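See below for the structure under consideration.
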Amino acid sequence: MIFIIALFLKVKLKTALMSALYAGVGLTGFSWIISEFTPVVTKIIHQMVNNVGIKLPVVDIGWQAGSLASFNSSVGLAFFVFGLIAEFILFAFGITKVFMPSNLWNNFGFMIWGTLAYYTTHNFWLSMGLSFFMLLYTLELAEIQADRWSSYYQIKNTTVCAAQNIVQTVPTILLDPLWNMLGFNKVHLTPKTFQRKFGVFGQPTTLGAILGLLIGILGNLNRLTSYHAWGQIFQFAVQLAAVMTIFPLVTDVFAKAFKPLANSIDQQRRAADKQSITDPINDRKRWFLAVDDGVGYGESATIISGIILIPIMVVIAFILPGNRTLPVVDLIALPFMVESIVAITNGNILKVIANGIVWFSIGLYCSSWLAQIYTGAISHYGAAIPAGIVLVTSFNLMARPLNALVFAAFISQDPIWIGLCILVYLLLLYCLRRYRPQIWHYLKRMADKNTVKPSKE
């Protein structure tokens with residue numbers, strides 16, 4: 001798909017071929033690291049859970065089971081084809097300025113919700129409608145944060161468009177004035193300030209080792225007098241340091257796949273507009289290529305924030321009244337889950353963590369409510385459930401307050417609730433089409449409040 005899009009954008013054949021290969025190499029490297037690191041993190045988390053001794057009935061087994069169920073269901077497969085056609089049409093008619101087919105894989109994020117709806121209601125067209133509606137507002141949110149994402153992650157004219165991760169745009173925008181009132185924007189907790197203030201101890205590799213030590217100790221609190229425990233602690237510190245060091249390198253390779261395409265978009269846009277465009281924010285014809293969120297995973301503030309949130313979310317899962325979900329396997333996906341927050345807050349780690357605590361805590365309730373439906377659906381469509389576990393979930397897919405709210409409206413089959421969802425979407429679309437430059441300028445001002453001003457010598 002990347003190769004075809006590159007040729008369509010009139011990228012040279014050699015460059016188009018290398019873009020396609022870089023995309024494959026980046027995804028492969030990314031998959032290798034995650035597949036090796038996930039069991040390590042999962043083991044530490046299980047030890048942390050066992051140390052506390054609290055049992056929760058809904059266990060996170062990772063997003064992979066949900067993806068498998070999506071492609072095994074009739075609704076999921078139908079939407080995979082329909083969604084691709086719809087994405088072309090929506091872009092061609094200017095309903096969205098985000099070209100989604102370049103990130104075709106993430107369509108499973110819409111397919112899983114349609115699959116759950118079909119399992120619940122047995123209404124094929126309602127379920128297809130739900131997946132399509134989620135595509136619509138995902139594209140809307142992706143465009144709202146597009147200028148900030150492309151600016152922060154430094155790949156022109158690109159944005160992420162994953163249904164499971166884009167909704168963090170909503171709480172980030174709504175809660176930012178509150179965090180500023182509390183002075184969070186004045187606490188310049190960013191990778192650059194870490195490096196400037198702490199030197200070698202502020203480097204991503206060193207921070208990874210320090211975080212690894214802390215998480216390893218939390219996982220071995222009941223046996224800190226054991227040599228074996230300290231062996232595991234130091235091993236995990238080195239493993240996390242390796243991830244923090246290697247992932248940015250893989251991210252750079254992955255980014256090479258999209259930079260020629262993004263630059264070509266920019267050149268063609270400028271050639272079409274004979275007037276010189278000095279501020280791309282005011283360019284209403286500007287459009288964006290949807291890229292895989294693996295592009296941003298290895299960025300320093302993103303991966304640091306995600307790793308810090310791992311033990312925090314485990315603790316919150318235990319102390320949150322009424323919560324039934326234990327996040328485990330998908331905790332490694334937290335850097336994906338905070339990308340929009342990082343971009344909008346300009347890498348302010350304190351704000352990223354605060355937003356994550358609020359939004360993902362609400363998400364735990366959503367995951368708990370959906371557990372029975374999710375377990376039944378993935379089991380029905382062929383995904384294996386580990387022995388000894390009654391209810392399962394995916395923290396990455398199901399701990400989504402906005403998606404869960406829309407899902408509830410659609411499975412109610414009440415025209416009023418469904419109509420209200422559509423009305424809100426249309427109002428936001430009208431505002432985005434009419435006031436997009438103003439929205440982007442506002443988000444830029446929000447981000448600039450988190451920028452460290454150079455000190456006077």
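Small disclaimer: the values here were computed from a predicted structure and weren't measured.
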Do [X] and [Y] touch side chain to side chain, with heavy atoms closer than 4.5 Å?
{"X": "Leu334", "Y": "Leu331", "result": "yes"}
{"X": "Thr393", "Y": "Val59", "result": "no"}
{"X": "Gln232", "Y": "Asn220", "result": "yes"}
{"X": "Ile378", "Y": "Ile61", "result": "yes"}
{"X": "Thr345", "Y": "Val352", "result": "yes"}
{"X": "Ile215", "Y": "Ile44", "result": "yes"}
{"X": "Val243", "Y": "Ile303", "result": "yes"}

Ignoring hydrogens and geometry beyond distance, is a side-chain donor-acceptor pair present between [X] and [Y] at under 3.5 Å?
{"X": "Asn450", "Y": "Asn348", "result": "yes"}
{"X": "Ser150", "Y": "Thr158", "result": "no"}
{"X": "Thr302", "Y": "Tyr153", "result": "yes"}

**Asked** Crowded around Gln438 CD? As in, over 12 foreign heavy atoms under 6.0 Å?
**Response**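 Yes, CD of Gln438 has more than 12 neighbouring heavy atoms, counting only those of other groups under 6.0 Å.
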**Message:** Within the supplied structure, the quantity of interest is the number of heavy atoms (other residues, nucleotides, ligands) at a distance under 6.0 Å from Leu427 CG; does it exceed 12?
**Reply:** yes
Minimum-distance pair of heavy atoms, taken over all atoms of [X] and [Y]:
{"X": "Ile2", "Y": "Ala257", "result": "CG2-O, 4.2 Å"}
{"X": "Gly66", "Y": "Ile112", "result": "O-CD1, 3.5 Å"}
{"X": "Val160", "Y": "Ser340", "result": "CG2-OG, 4.5 Å"}
{"X": "Met446", "Y": "Ile173", "result": "CE-CA, 4.1 Å"}
{"X": "Glu140", "Y": "Leu429", "result": "OE2-N, 2.9 Å"}
{"X": "Ser151", "Y": "Asp147", "result": "OG-O, 2.7 Å"}

**Message:** Could you go through Asp293 and Asn165, starting from their C-alpha distance and side-chain angles, then the distance that decides it, and tell me whether this counts as side chain to side chain donor-acceptor pair (under 3.5 Å)?
**Reply:** CA-CA 9 Å; Asp293 40 19; Asn165 297 328; 2.7 Å; yes
Let me confirm one number: the [atom1]-[atom2] distance from [X] to [Y], rounded to the nearest 0.5 Å.
{"X": "Leu207", "Y": "Thr245", "atom1": "CG", "atom2": "OG1", "answer": "10.0 Å"}
{"X": "Ile166", "Y": "Thr138", "atom1": "CD1", "atom2": "OG1", "answer": "7.5 Å"}
{"X": "Ile439", "Y": "Gln145", "atom1": "CD1", "atom2": "CD", "answer": "13.0 Å"}

Could you pull out all residues at least two apart from [X] that satisfy ring-ring contact (aromatic ring centres under 6.0 Å, His included)?
{"X": "Trp359", "value": "none"}
{"X": "Trp369", "value": "none"}
{"X": "Tyr152", "value": "none"}
{"X": "Phe110", "value": "none"}

**Request:** Check side chain to side chain donor-acceptor pair (under 3.5 Å) between Ser412 and all other residues, then give those that pass, not counting sequence neighbours.
**Result:**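 With sequence neighbours excluded, Ser412 shows a side chain to side chain donor-acceptor pair (under 3.5 Å) to no residue whatsoever.
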**Request:** Could you list the residues that satisfy side chain to side chain donor-acceptor pair (under 3.5 Å) with Ser394, not counting sequence neighbours?
**Result:**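 Partners of Ser394 by the side chain to side chain donor-acceptor pair (under 3.5 Å) criterion, ordered by chain and then number, come out as Asp330.
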Side-chain atoms of residues 304-318: list all donor-acceptor pairs with protein atoms under 3.5 Å, sequence neighbours left out, distances to 0.1 Å.
unit_1 : atom_1 : unit_2 : atom_2 : d
Ser305 : OG     : Ala301 : O      : 2.6

**Prompt:** Which residue pairs pass the side chain to side chain donor-acceptor pair (under 3.5 Å) test with at least one member in residues 66-80, sequence neighbours excluded?
**Reply:** Ser73-Thr115
**Qualifying side chain to side chain donor-acceptor pair (under 3.5 Å) pairs, either residue in residues 118-136, two or more places apart** = none
**Prompt:** Tell me, which pairs form a salt bridge (Lys or Arg N to Asp or Glu O under 4.0 Å) where one or both residues lie in residues 419-438, sequence neighbours left out?
**Reply:** Glu143-Arg433, Glu143-Arg436
**Asked** Applying salt bridge (Lys or Arg N to Asp or Glu O under 4.0 Å), which residue pairs with at least one partner in residues 167-183 are found, sequence neighbours left out?
**Response**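 Salt bridge (Lys or Arg N to Asp or Glu O under 4.0 Å) check on residues 167-183 returns Asp176-Lys351.
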**Message:** Apply ring pair (Phe, Tyr, Trp, His ring centres under 6.0 Å) to residues Phe336 and Tyr297 and explain how you reach the verdict.
**Reply:** CA-CA 6 Å; Phe336 289 128; Tyr297 190 103; 4.6 Å; yes
**Item:** Worked check of salt bridge (charged side-chain N to carboxylate O under 4.0 Å, His left out) between Asp252 and Lys256
**Value:** CA-CA 6 Å; Asp252 287 342; Lys256 287 181 180 179; over 6 Å; no
Considering only distance and modelled atom types, tabulate donor-acceptor pairs under 3.5 Å from the side chains of residues 80-99, sequence neighbours left out.
unit_1 : atom_1 : unit_2 : atom_2 : d
Glu87  : OE2    : Asn107 : ND2    : 3.3
Thr96  : OG1    : Val98  : N      : 3.1

**Prompt:** Are Trp63 and Phe395 close enough that their ring centers fall under 6.0 Å?
**Reply:** no
